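Okay, so here's the structure we're looking at.
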Amino acid sequence: MESDFIPYNPSIIEPKWQKKWEQSRIYEIDFKDKKKEKFFSLTMFPYPSGDLHIGHWYAFTPADAYSRYMRMRGFNVLHTQGFDAFGLPAENAAISRNINPMKWTFENIDNMRSQFLLMGNSYDWNRELVTCEPKYYKWNQFFFLKMLEKGIAYRKNGAVWWDPVDQTTLANEQVVDGKSERSGAEVIRKMMPQWYLKITDYAEELLNMDDLGWPEKIKHMQKNWIGKSEGTTVEFTIEKSNETISTFTTRVDTIFGVTFLVLAPEHPLVDLVTTEEFRPKIEKYVKNAAKSSEIERTSTEREKTGEFTGQYVKNPMNGDKVPIFVGDYVLNTYGTGAVMGVPAHDQRDFEFARKYKLNIKFVISKDNDPKEVLNKAYIGKGTLVNSDQFDGLENRVAMDRITEFMERKKVGVKTTTYHLRDWLISRQRYWGTPIPVLYDKEDNIHPVPLGELPVVLPEAKEFKPTGQSPLTLDDSFLWYEHPELGKLRRETDTMDTFVDSSWYHLRFASDPDGINPFSDKEIREWLPVHQYTGGAEHAVMHLLYARFFNKVLRDLGFINFDEPYQNLFNQGVLLKEHQKISKRANPLAPDPLVKEYGADAVRLYLMFLGPWDQGGDWSDDAFNGITRWLNRIWELCVRDSSKLKKSVDDDPNLERLINYTTKKIHRDLDKFKFNTSISALMELSNEMNKYWDNNIGEKQWKKCIKILIVLLSPMAPHISEELWEINGYRFSVHQESFPGWEESLIKSETKTIIVQINGKMRAQFSIEGDTSEEKIISEALNLKKVKENIGTQEVKRSIYVQDKLINFVL
RNA sequence: GCCGAGGUGGCGGAAUGGCAGACGCGCUGGUCUCAAACACCAGUGGGGAAACCCGUGCGAGUUCGACUCUCGCCCUCGGCACCA
């Protein structure tokens, strides 16, 4: 049998349309368009590691489908892509394979760009940005100098986290469980002068996330990380000395219960307070504490230890003599590095007091009985006892009263502390933005003049991590001839690459002129980002830094909005057979799949396998289901409808289904529910197939096919473009409006009424649109099934839910 | 320990307090084929011959009616964790 049926062949149609889209420039933003509302749809850009893996597809193709949908909804959509191109892998490749990092990076970018084209995403590539290009990182330097001017960037000597594998310092956020977030190596403490950005100045503002359309989980993580804590700083005077020790407490109401004080081993006063008699023991203890890792020291399982210094302080409230200990469970990095010990009302202090046989003084009582015997700390509410003039006060009230009292006596002050530390941005590595400052012989800081930016990263020959930036080896970079100051030394550390991604969205939204970091006019129109998507792993790194950067740029007068990303959606993690996908152990490369089944199949399957935010499990078997469906869709849409009858009325049920499906897809795509959108399209196509054999008219068929193709197009852009053409419509389906729906057509003339007896479904029947309740009840009671089930029992109550259900209660 | 998300067929997953299991995979049967694969059609939660009963982690509760709401518990995953 001869047939003119053209089979679905994605390997031909996909490149065909990719080329056509590029030539016709349909995804380029129309800046002249003033009518359409602007919509900035951004996904977190990738690191150019070499290949786009399936995880990238999982992140990028649903975001593209959403962007296409919004474009078809009539928005002027900015959807861009670029490369987060600075960072260690390039440098490590240079070390291990002797390749120039620049060359390595740009080769990867070229490869990944061509892989991006295979996805069929609707990016405006004119806006591509690559962060390792001088024209981009120049502005990192520019913002840095502006921050330096305002005191937001500063250099400080202090204890820093050091990654012994990558041989560089890290920011607090990049240390997870005492390990480097990147290398996995256990970090150590070092004393070094480093560059910081004063993110702590914005701690309070960063806590306010009420107006952000972000997942609660991420907001929570950020709030947790910022870690606001309100309390009182209390000064304890050292006996026979004028020196005081500051302690921070959130429970100043327990001040009369203080029976000891603990200093962190690194506390600067340890040396001063230690008496000669106890010095050998204390020195040994401090030395040991320095040796044990942060993981050991912060383990909750570990028993608290300490060592008496031989010295005492005076409780500022009652003059009690309080022994001073050194204990490594006290962290020098939080609060003041010293705590007051109240064993009766803090479990850690309780254990410590038990171990060292210290007094336990009870000052908060649940029931006003001061004689209560304790076998663990009482940390609940109560009234004060043993607390002089504050006795009888409710403890919450006492906190304020005692703090006020202390402030009058100048022995204490209300204090807010944060867990958040300033952002350490200097790195002792090569492949990053050079920090644009100069030092004279006395180590005074001189900013590089703005006019001399960018400070270009020179080509380097040696990259071995030595603990010093490889730039120190380059004399021509290192030395700077200043007209007045003479020979100056350049800063050789480079910036944390999270600086690059802290403002890249502004650059994407701009047609840069080279004179400015971004275009004010366009920033006003496109920002803040309306929809941002990406992984949750950036919750307290990138996402926090970018919010901070935004507020700084606002305060420097560059922008006028408070938050960079108005709405955020986190996709979940894609697994394969319940295991993490990795290049070696459990590979899943998209390119062969694209070659064999087409990009549309891969896109659709990734969107179909489950709700996007929950992640999912790739299954080769289930993937077959999508390719099968695509073939069915193809076959359905290329049928010759001229064979159909010309003069048949539209079928109202099909009309209803098409309106219902359209509505459902709107609702689902608005919530990123791609999986149920695709299900709805499958139902529609299955039903349409049945209608084909059932006397459908040509006019209605063509209309349904047209809508089906348009509804499918954001998710499967290539096949829908081809089917659009085959059905005789003009290029491009992606420039069509997304169809609306008619609510009145969704409502059916006849309704199916479910009949329940005692809440259990027993029967169902159909009624016409506006049948009265009485009639429905009598009709239901007449059903054979219903009669059987009721039997001789009495119907006590009938509950009728309009057009849906009737429940008889016996 | 604290905070968050979740627990539904053999599997991935659907269900504004109203038919539990949409859609897909897999499986079973059929059509096509010399045969197989593909494709297509039908069936598919468990028990039962059937009527019907049971069934959304467990236990209570609210309700005419609960996967959905409330309380208590168990488990899984993610985050935080000596933060004074």
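Since the structure is predicted, the reported quantities are computational estimates derived from the model, not experimental observations.
- The P atoms of B:C11 and B:G47 are separated by 15 Å, rounded to the nearest whole Å.
- Here A:Lys804 lies in heavy-atom contact (under 4.0 Å) with a base.
- We find that CG of A:Asp613 is positioned 14 Å from C1' of B:C77, with the value rounded to whole Å.
- For A:Arg348, counting side-chain heavy atoms from C-beta on, the closest listed nucleotide (B:A84, B:G18, B:A14) is B:A84.
- Close to B:G55, at under 4.0 Å from its OP1 or OP2, lies no side-chain N or O of A:Lys760.
- Syn is the conformation of B:G9, whose glycosidic angle sits no further than 90° from 0.
- At a threshold of 4.0 Å, the pair A:Arg354-A:Glu351 does not count as salt-bridged, since none of the basic side-chain nitrogens sits closer than that to a carboxylate oxygen.
- Remark: P of B:U8 and CD of A:Gln614 are 11 Å apart, rounded to the nearest angstrom.
- At a threshold of 4.0 angstrom between heavy atoms, the contacts of A:Lys785 are confined to the sugar-phosphate backbone, with no base atom among them.
- Only A:His220, A:Met221, A:Asn224, A:Ser229, listed by number, bring a heavy atom of residues 218-229 of chain A to less than 4.0 angstrom from any atom of RNA chain B.
- Straight-line distance from the CD atom of A:Glu230 to the P atom of B:A84: 11 Å, rounded to whole Å.
- The separation of B:C2 from B:A20, taken at their P atoms, amounts to 38 Å, rounded to a whole angstrom.
- Using cut-offs of 30° and 60° for the angle between ring planes, the A:Phe325 and A:Phe260 rings count as perpendicular.
- Using a distance-only test at 3.5 Å, with no hydrogens or angles considered, a donor-acceptor pair links the side chain of A:His345 to the main chain of A:Ile364.
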Every protein N/O within reach of nucleotides 64-70 of chain B N/O, cut-off under 3.5 Å:
{"residue": "B:C64", "atom": "OP1", "partner": "A:Arg797", "partner atom": "NH1", "Å": "3.0"}
{"residue": "B:C64", "atom": "O2", "partner": "A:Asn807", "partner atom": "ND2", "Å": "2.4"}

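- Within residues 671-692 of chain A, the residues having any heavy atom under 4.0 Å from RNA chain B are, by residue number, A:Asn675, A:Thr676, A:Ser679, A:Met682, A:Glu683, A:Asn686, A:Asn689.
- In this structure a side-chain-to-backbone donor-acceptor pair under 3.5 Å is missing from A:Trp612 to A:Asn570.
- Comparing B:C53, B:C83, B:C40 by their nearest atom to the side chain of A:Arg762 picks out B:C53.
- For A:Lys217, the side-chain contact (heavy atoms from CB on, under 4.5 Å) partners are A:Met221, A:Ala536, not counting sequence neighbours.
- Taking the side chain of A:Val339 as heavy atoms from C-beta on, and the options B:G18, B:G26, B:A84, the nearest nucleotide is B:A84.
- In this structure, CG of A:Asn624 is placed 11 Å from P of B:C27, rounded to the nearest angstrom.
- Distance noted for atom C1' between B:A15 and B:G45: 16 Å (whole Å).
- Distance noted for atom C1' between B:G6 and B:U56: 13 Å (whole Å).
- Looking at RNA chain B, the stems built from 3 or more consecutive Watson-Crick or G-U wobble pairs, each pair with its key distances under 3.5 Å, are B:1-7 with B:74-80, B:10-12 with B:23-25, B:26-31 with B:39-44, B:45-47 with B:52-54, B:57-61 with B:69-73.
- Contact annotation for A:Thr249: backbone-only contact, meaning every heavy-atom pair under 4.0 Å involves sugar-phosphate atoms and none involves a base.
- Rounded to a whole angstrom, the distance from the C1' atom of B:A35 to that of B:A22 is 37 Å.
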Shorter than 3.5 Å, N or O on both sides, protein versus nucleotides 44-47 of chain B: list them out with atom names.
none

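- As a whole-Å value, the separation of A:Leu575 CG from B:G78 P is 10 Å.
- Under a cutoff of 6.0 Å and an axis angle of 45°, A:Arg639 and A:Trp692 form a cation-pi pair.
- One finds the OG1 atom of A:Thr305 at 6.0 Å from the NZ atom of A:Lys355 (value rounded to the nearest 0.5 Å).
- Rounded to whole Å, the distance from CZ on A:Phe608 to C1' on B:A14 is 10 Å.
- In this structure, of B:A84, B:C40, B:G18, it is B:A84 that holds the atom nearest to the side chain of A:Leu331.
- Under the 3.5 Å distance criterion, with hydrogens and angles disregarded, a donor-acceptor pair is assigned to the side chains of A:Asn653 and A:Arg656.
- Per the geometry, CD1 belonging to A:Ile754 stands 18 Å off P belonging to B:G17, to the nearest Å.
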